[in-house]
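Some notes on the structure that comes next.
Below, each value reflects all heavy atoms present in this structure, side chains not excepted, and no hydrogens, waters or symmetry copies.
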Amino acid sequence: MYENTFPNKRYKHTLHFLKDVVSTDQSILDLGVRNPFVAYMEREGYNVQNTTGEDLDLDTTAVKNADAEVVTAFEIFEHLLSPFTVLQDIKANKIVASVPLKLWFSPAYRSKTDMWDRHYHEFEDWQFDWLFEKAGWEIQKREKFTNPVKKLGFRPLLRLFTPRYYLIYATRK
């Protein structure tokens, strides 16, 4: 999945944020297929189940029927055409989510070989907040962080100080 580009910094930062807002005795539904970050969560004692790869734009049954106390959605909502519908259909009262932020110096991400690996949305922080608030959530904690890369150039220089990821913790209103 991450050949030569494993996201160590992002994973550590996300796990630290998660530990601050979710205890290990709460069950988690993680949106998206099982991925390397789920193993990180489980090693820390979290009980995690994943959705099974269904198209959440067309079928939100997994979130409607889940008995989890918390939903996590790490780098998922930018891939959906309608994250609003998913957010409305979640039964849990807590959610921890993250998205890569829109970068003015970089175009929206689009894989030419994998239809699932494309960003329909490139959020700014206020847009992500608005999406959650409109869907009935109240943001309790938020955090932005950078993601420097070990390359030379103008864009790698900008990544040293331009926030790349946005994490939020929200509860139902």
Side-chain angles (χ1 to χ4, degrees), residues 1-3 5 7 10-11 13-14 17-18 21-22 27-38 41 48-147 155 159 162-173:
M1 180 174 205
Y2 290 111
E3 295 80 19
T5 61
R10 179 168 49 101
Y11 279 17
H13 199 99
T14 303
F17 186 92
L18 183 67
V21 297
V22 177
S27 58
I28 295 175
L29 173 66
D30 183 53
L31 302 185
V33 296
R34 187 169 173 83
N35 58 71
F37 188 70
V38 171
M41 291 191 291
V48 184
Q49 290 188 324
N50 282 85
T51 54
T52 58
E54 62 273 37
D55 187 338
L56 293 172
D57 280 318
L58 301 173
D59 181 8
T60 61
T61 306
V63 296
K64 286 180 182 176
N65 293 338
D67 289 327
E69 298 165 88
V70 180
V71 168
T72 57
F74 301 118
E75 282 85 62
I76 293 297
F77 289 129
E78 69 274 11
H79 298 278
L80 298 177
L81 299 179
S82 183
F84 181 79
T85 305
V86 175
L87 285 168
Q88 282 190 306
D89 288 348
I90 292 172
K91 283 183 12 184
N93 290 321
K94 298 177 181 179
I95 186 168
V96 180
S98 65
V99 288
L101 289 168
K102 181 179 189 311
L103 299 174
W104 59 270
F105 55 87
S106 184
Y109 177 73
R110 178 180 169 206
S111 168
K112 296 194 187 317
T113 58
D114 184 351
M115 290 291 292
W116 289 97
D117 193 18
R118 297 177 176 185
H119 291 182
Y120 184 77
H121 299 280
E122 292 277 319
F123 291 99
E124 292 184 31
D125 56 356
W126 70 268
Q127 292 170 308
F128 202 54
D129 290 355
W130 187 26
L131 170 66
F132 274 80
E133 290 163 6
K134 192 161 184 169
W137 296 88
E138 186 174 343
I139 297 174
Q140 305 295 325
K141 183 177 180 175
R142 54 177 57 89
E143 201 169 290
K144 291 188 242 182
F145 61 99
T146 61
N147 188 44
R155 290 192 334 186
R159 290 181 192 271
T162 304
R164 178 63 177 137
Y165 293 100
Y166 186 50
L167 273 161
I168 63 104
Y169 165 62
T171 56
R172 283 266 182 223
K173 288 183 181 179

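Considering only residues two or more places apart in sequence or on other chains, T72 meets the side-chain hydrogen bond (donor to acceptor under 3.5 Å, both in side chains) condition with D30. Partners of A62 according to the side-chain contact (heavy atoms from CB on, under 4.5 Å) rule, which considers only residues two or more places apart in sequence or in another chain, are T51, E54. Judged as a ring pair (Phe, Tyr, Trp, His ring centres under 6.0 Å), and not counting sequence neighbours, F17 has no contacts.
More than 12 heavy atoms of other shown residues, nucleotides or ligands fall within 6.0 angstrom of atom NZ in K141. Environment of CD in E143: crowded, with over 12 heavy atoms of neighbouring residues, nucleotides or ligands closer than 6.0 Å.
Taking the six-membered ring where tryptophan is involved, the planes of W126 and W130 are essentially parallel, since the angle between them stays under 30° and well short of 60°.
Contact detail for E75 and P100: the closest heavy-atom pair is CG-CD, 3.8 Å. Taking every heavy atom of both residues into account, N50 and L29 meet most closely at C-CD1, 4.1 Å. Taking all atoms of both residues into account, the shortest heavy-atom contact from Q127 to E122 is OE1-O, 3.9 Å. Residues W137 and L87 share a closest heavy-atom pair of NE1-O, 3.2 Å. Counting all heavy atoms, side chain and backbone alike, F77 lies closest to A97 at CE1-CB, 3.9 Å. A pairwise comparison of heavy atoms in S27 and A68 identifies OG-CA, 3.3 Å as the closest pair.
Within the 3.5 Å criterion, the main-chain N or O of L101 finds a donor-acceptor partner in the side chain of R164. With N93 contributing its side chain and R172 its backbone, the two residues share no donor-acceptor pair below 3.5 Å.
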Margin query: Would N65 and K91 count as a side-chain contact (heavy atoms from CB on, under 4.5 Å) here? Give the steps.
Written below: CA-CA 8 Å; N65 293 338; K91 283 183 12 184; 5.9 Å; no

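Inter-residue side-chain proximity for L31 and V86 is flagged as met; some heavy-atom pair is nearer than 4.5 Å. Residues D129 and Y166 meet the side-chain proximity criterion, which asks for heavy atoms closer than 4.5 Å. Residues F74 and M41 have side chains in contact (heavy-atom distance under 4.5 Å, counting atoms from C-beta outward).
Note that the NZ atom of K64 and the CD1 atom of I90 stand 12.0 Å from one another [nearest 0.5 Å].
A ring pair (Phe, Tyr, Trp, His ring centres under 6.0 Å) with Y165 holds for exactly one of Y11, F145, F123; it is F145.
Taking a cutoff of 4.0 Å between a charged side-chain nitrogen and a carboxylate oxygen, K144 and D125 qualify as a salt bridge.
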